[in-house]
Amino acid sequence: MAEDKEIRYDPATIEPKWQERWAADPTLYAADPVTSGKPKYYVLEMLPYPSGQLHIGHVRNYSIGDALARHMWMRGYNVLHPMGWDAFGLPAENAALKNHTPPREWTLSNIAGMKRQFQRLGMGFDWATEVTTCLPDYYRWNQWFFLRMYERGLAYRKKSKVNWCPECATVLANEQVIDGRCWRHEDTLVEQRDLVQWFFRITAYAQELLEGLDKLDGWPEKVRTMQRNWIGRSAGTEVEFGVENRSEKIRVFTTRVDTIFGATSVQLAPEHSLVASLTAENPGLKVQVAKLLEEQKSAREAGDVGAIDKHGVPTGHFAINPYSGELVPIWVANYVLSDYGTGAIMSVPGHDERDFEFATKYAIPVRRVIAPADPAAEEPELPFLSEDGVLINSGEFTGLTCEAAQSKLQQIAAEKGFGEAKVTFRLKDWGVSRQRYWGTPIPMIHCERDGIVPVPDDQLPVLLPAQVEITQQGGSPLGRVPEFVNVACPKCGGPARRETDTMDTFVDSSWYFYRYTDAKNSTAPFDPAIAKYWFPIDQYIGGVEHAILHLIYSRFWTRVMRDLGLITNDEPARRLFTQGMVIKDGAKMSKSKGNVVSPDDMVGRYGADSTRMYALFAAPPDRDLDWQEDGVAGVSRFLGRVYRLVMKYAPLARTATTAAIDAPAGLSLKLLRKLHQTIAKITLDFEGRWHFNTCVAAIMELVNEIQAVDAQLAAGEVPAPVMRELLTNLVLMLAPFAPYIAAELWEELGGEGAVLRAPWPISNPDLAREDEIEIPVQINGKLVTVVRAPTGSAADVIEAAALAEPKIQSRIAGKMLVKVIVVPGKTVNLVVK
RNA sequence: GCGGAAGUGGUGAAAUGGCAAACACACUAGCCUUAGGAGCUAGCGCCGCAAGGCUUGGGGGUUCAAGUCCCCCCUUCCGCACCA
């Protein structure tokens, strides 16, 4: 190809040129109005935190979403593909401490830089709908929602034990505590503090959030399972035990009320409200209980509550079994959790593993009250855990099955008023107060006279004060700004104080995707009619690390908005895709390991197209991807081949009219066949399988096949219309993956308008069909040879061809042909003996 | 312990019950030369000169046919975990 030498693929020239042209056309990536007759498609990637730099994982995430968005545009959909910034949060305050830059400036300048990176990568976002969560025109609606939730009792204040990260100097939600440590500081143990905090009543939606998961069949099973576990529904019974010689009662929660005749003790959590009074007259006991509490706390901090050594102390008091009247000792035990169920359990050592272990240790009686359903079965060893059994030693309930006993016992408890059927959730209300500066101010006022008074709607937004000294001392930074704190009570006009806590940043990301649909609305969070058109999101794409936090909060928020009458959908996203991580040398990238790949560096050396396309080519999108720079270079070389090929034959292709090609044959047919097979494959993949790595491979195969016959092409063996068909479709298929080179070559081929809005090619099945195929021939399931037969040949024709093969003949000679299996188009298998 | 995913060449991987290793990377040999982060040709799972044989973590099974479906086991990763 000596004559090709002057044609060189130079992304450093092509890409900035197109970037400039695209920037000059704000309508290019804009969605049509809701009145457009086109079907809608809302594709969304999770918005980034503006840390200052896009990392390579972002490049992968957004390359997937952008390829899909571009494909859907080409398919003629009305596509919404927006982008924004999850811009509140602690790092801005840390940067402020370190560099004395105000959080707002730091954040906005990071956003500007990352936006440039997005644009350099050629991501097709509609920047006209950009959402920046730290700006008042966004966060005022957080406040507005807060007020609506307050009105409905969904936002409330309570004093509670909260998770406190000393490093963040703030409260963490349960979801932000991982193994007893802060989600942002893996070396920092989370402390428990008593604080009055604002909560969102997510538990009011626990059942609905759980049930909704069954219908989310477009979500990965893994995410649904994680959410199910997190919500942790458990159906059982609450039963009240009396306390001997006292008026107090102890409520226990159990899933196995059928075993209650086997309860030989009642165990209280060290923090149970009754513990203080039961130990009041016994100082020695108090000390022991304190020790149990300490053990529980340190186990929690070590992140290994499950491995705690079971300890307990008897209180000397007795509980009264409400069914049998039996007196059983009341203990305090370190393995009973105060924040699950009622903080008290009945201990049934005969039929519960933990209770058995505990009872064995302290010589508490073990009693068998359940026998296997099958009377012939051997007497099982204790603890016998199966629920497939019948009650024994259980008074009037003896003989009932476990299941029947549970409902009977529940019924009696309800009738007599000492218990009821009860569903318990592991999910807790969402603590949203943060003692930080860089977040949405909670729109509440504390008045000496009127108590808690919501900020009236017409006084929103409650603006974050600009000048705040950020320090590491505890307490809310806003508390140190008198102009902010001191305010007149909206009710009485008297002196009052503003709430100085700000909202958890997960509030911001719980509803941002609705704002995209109507981002400039200054009188409402969004127009319900527009949201109704776009929602639910058709495809949401992000990392699996958000499986619990963001994805459960936003499902909750969607239901709250639905109940406020703002939207009609129950779920925010129909389909969710969680892409794999990008790793390097088999390990997660981190600065300390020095294996961080910089997107800027990649784009600088190989161009955006090569970087993006490699991110899609190196692995299927749902799997972890080990970044190998040689691979990027390889993709870059491939794009160079495409570039030279198209540039070389574009002049010929341009001479063709758009008239249809009639009856192609020979080489033309061969190439067109490959083309149409490739179109079919890629189109199918976009419809759900999403193996973009094999899509890129298919394009490579097509290019390889065309290139292999370069000499014949150069000799003019393939006419201009065929060349035109080949090259334009090649460029169209490349467009979702490598938008710059596609735009450049589209123009070179004389394509009309933007390649992004050119129609996606349609595979012609007649052209794609091979007229002769190879069929493997097996003997007893082992491959022996391959025969060629015309496509669609009948089974007997294929069988005859197979039997005619000399290789087959010689192998079956003298043997008995038991059976011949012919799967037309697939295989022939001869079973011989 | 419970739940989920995965295990295929030197590497990333492909194969939706029907020819295992497509497409790339790396490597080897050669060509070209305006010496380029270039291009072209050929080779590249393992054993074997070859003919041929063997090969998808291990074991069993279903099937005419299994990387793919079923059962058991091993390993790795992820999530949850005294949740009563």
Side-chain angles (χ1 to χ4, degrees), chain A residues 1-2 4-6 8-9 178-179 220-230 232-234 236 252-256 259 267 296 299 304-310 333-337 339-348 352-355 357-358 424-426 544-545 547-548 580-581 605-606 614 617-620 622-638 640-641 644 684 689 691 693-701 703-704 707 710 774-786 818-823 825-832:
Chain A
M1 278 208 211
D4 300 346
K5 259 163 214 140
E6 62 276 17
R8 272 189 71 165
Y9 169 53
I178 295 150
D179 289 341
E221 194 50 51
K222 175 178 177 146
V223 172
R224 295 201 280 168
T225 305
M226 282 168 74
Q227 292 209 358
R228 276 191 197 104
N229 290 341
W230 190 263
R233 183 183 194 273
S234 173
V252 304
F253 174 71
T254 176
T255 53
R256 292 295 307 276
T259 65
Q267 306 280 346
Q296 204 172 61
D304 207 1
V305 188
I308 195 170
D309 228 8
K310 288 182 183 53
N334 66 354
Y335 71 96
V336 180
L337 306 172
D339 59 355
Y340 183 79
T342 59
I345 61 166
M346 64 177 200
S347 181
V348 185
D352 181 279
E353 215 152 355
R354 292 153 306 174
D355 294 345
E357 185 190 334
F358 191 84
T424 296
F425 292 94
R426 206 188 79 106
V544 74
E545 65 273 18
I548 301 293
M581 276 194 314
R605 282 191 284 169
Y606 303 102
Y614 173 73
F617 175 60
D622 54 342
R623 217 184 293 182
D624 284 354
L625 184 164
D626 199 310
W627 194 271
Q628 293 178 5
E629 198 180 318
D630 285 330
V632 189
V635 172
S636 174
R637 284 197 293 271
F638 165 69
R641 287 210 304 280
R644 288 190 301 275
L684 189 66
R689 209 177 73 131
H691 280 198
N693 55 329
T694 60
C695 291
V696 175
I699 298 174
M700 288 173 169
E701 281 186 56
V703 171
N704 289 349
Q707 242 191 346
D710 185 59
E774 288 189 335
I775 297 170
V777 182
Q778 294 161 294
I779 292 178
N780 292 337
K782 290 202 73 123
L783 177 74
V784 174
T785 188
V786 168
V818 181
K819 199 172 177 187
V820 180
I821 289 117
V822 182
V823 185
K826 298 273 191 184
T827 191
V828 177
N829 193 6
L830 308 172
V831 184
V832 301

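Here is how names work: the chains are called A, B, and so on, in the same order as the sequence lines, proteins then strands, and each is numbered from 1. Here the structure is a predicted model, which is why all the values come from computation and not from measurement.
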Check whether any side-chain N or O of Arg224(A) sits under 4.0 Å from OP1 or OP2 of G79(B), and answer yes or no.
no
Side-chain-base donor-acceptor pair under 3.5 Å for Lys819(A) and C64(B)
no
Of the candidates A26(B), C80(B), G37(B), the side chain of Arg637(A) sits closest to A26(B)
Between Leu337(A) (CG) and A84(B) (C1'), how many Å, whole number?
9 Å
For Val831(A), answer base if it contacts any base atom (sugar-phosphate contacts may also be present), sugar-phosphate if it contacts only those atoms, and nothing otherwise; contact means non-hydrogen atoms under 4.0 Å.
sugar-phosphate
How long is the line joining CG of Asn780(A) and P of A66(B), in whole Å?
11 Å
Could you tell me whether the side chain of Asn693(A) and the main chain of Ala618(A) form a donor-acceptor pair under 3.5 Å?
no
Among C82(B), G79(B), A15(B), which is the nearest nucleotide to the side chain of Asn334(A)?
C82(B)
Is G9(B) in the syn or the anti form, by the rule that syn lies within 90° of 0?
syn
So, OP1 or OP2 of A14(B): does either fall under 4.0 Å of a side-chain N or O from Arg689(A)?
no
Can you tell me, in whole Å, how much space there is between the C1' of G58(B) and that of G36(B)?
50 Å
When you compare U68(B) with G61(B), how far apart are their C1' atoms, in angstrom units rounded to a whole number?
15 Å
Should Glu221(A) and Arg224(A) count as an ion pair when the cut-off is N to O under 4.0 Å?
yes
Among the nucleotides A20(B), A14(B), G3(B), which one has an atom lying closest to any side-chain atom of Thr225(A)?
G3(B)
Whether Thr694(A) contacts A22(B) is assessed here as follows: a side-chain N or O lying under 4.0 Å from the phosphate OP1 or OP2. Is that the case?
no
For C83(B), take OP1 and OP2 only and decide whether either is under 4.0 Å from a side-chain N or O of Arg354(A).
yes
Euclidean distance for C1', C19(B) against U56(B) (whole angstrom)
15 Å
Would you indicate what Pro220(A) reaches in the nucleic acid, counting non-hydrogen atoms under 4.0 angstrom: base, sugar-phosphate, or nothing?
nothing
To the nearest Å, give me how far apart CD (Gln227(A)) and C1' (G79(B)) are.
12 Å
How is Asn693(A) classified with respect to the nucleic acid when contacts are heavy atoms under 4.0 Å: base, sugar-phosphate, or nothing?
sugar-phosphate
Using a cut-off of strictly less than 4.0 Å, decide whether Arg426(A) has a side-chain nitrogen or oxygen near OP1 or OP2 of A81(B).
yes
The nucleotide from C64(B), C80(B), A84(B) with an atom nearest the side chain of Trp230(A) is C80(B)
Does Asp309(A) offer a backbone N or O that forms a donor-acceptor pair with the side chain of Asn334(A) under 3.5 Å?
yes
Mapping Leu684(A) and Ala618(A) onto RNA chain B by nearest heavy atom, which one lands closer to the 5' end?
Ala618(A)
Cation over ring, Lys310(A) on Phe358(A), under 6.0 Å and within 45°?
no
Which is true for Asn704(A) with a 4.0 Å heavy-atom rule: it touches a base, it touches only sugar-phosphate, or it touches nothing?
sugar-phosphate
Rounding to an integer number of angstrom, what distance separates G57(B) and C25(B) when you compare their P atoms?
26 Å
The answer to which of Val635(A) and Lys222(A) contacts RNA chain B further toward the 5' end, by nearest nucleotide, is Val635(A)
Sugar-phosphate, base or nothing in reach of Phe358(A), heavy atoms under 4.0 Å:
nothing
Can you check the distance between C70(B) and G17(B), where both ends of the measurement are the C1' atom (answer in whole Å)?
13 Å
Give Gly341(A) one of three labels, base, sugar-phosphate or nothing, depending on what nucleic acid heavy atoms sit under 4.0 Å from its own.
nothing
Among the nucleotides C23(B), C40(B), A13(B), which one has an atom lying closest to any side-chain atom of Ala619(A)?
A13(B)
Dump the intermediate steps for side-chain contact (heavy atoms from CB on, under 4.5 Å) on Val777(A) and Thr785(A), then the final yes or no.
CA-CA 5 Å; Val777(A) 182; Thr785(A) 188; 4.1 Å; yes
pair Asn704(A)-Arg641(A): side-chain heavy atoms closer than 4.5 Å
yes
Side chain Gln628(A) and base C25(B) donor-acceptor under 3.5 Å:
no
Any Lys782(A) side-chain nitrogen or oxygen under 4.0 Å from OP1 or OP2 of C54(B):
yes
Between C64(B) and Asn829(A), counting only base atoms on the nucleotide and side-chain atoms on the residue, is there a donor-acceptor pair under 3.5 Å?
yes
So what does Glu774(A) hit on the nucleic acid, given a heavy-atom distance under 4.0 Å: a base, only sugar-phosphate, or nothing?
base
Whole angstrom is fine here: how far is it from CZ in Arg623(A) over to C1' in A6(B)?
8 Å
What is the distance from CD of Gln707(A) to P of C40(B), rounded to the nearest Å?
6 Å
Anything under 30° is parallel, anything over 60° is perpendicular, the rest tilted; go ahead and classify Trp627(A) against Tyr614(A).
perpendicular
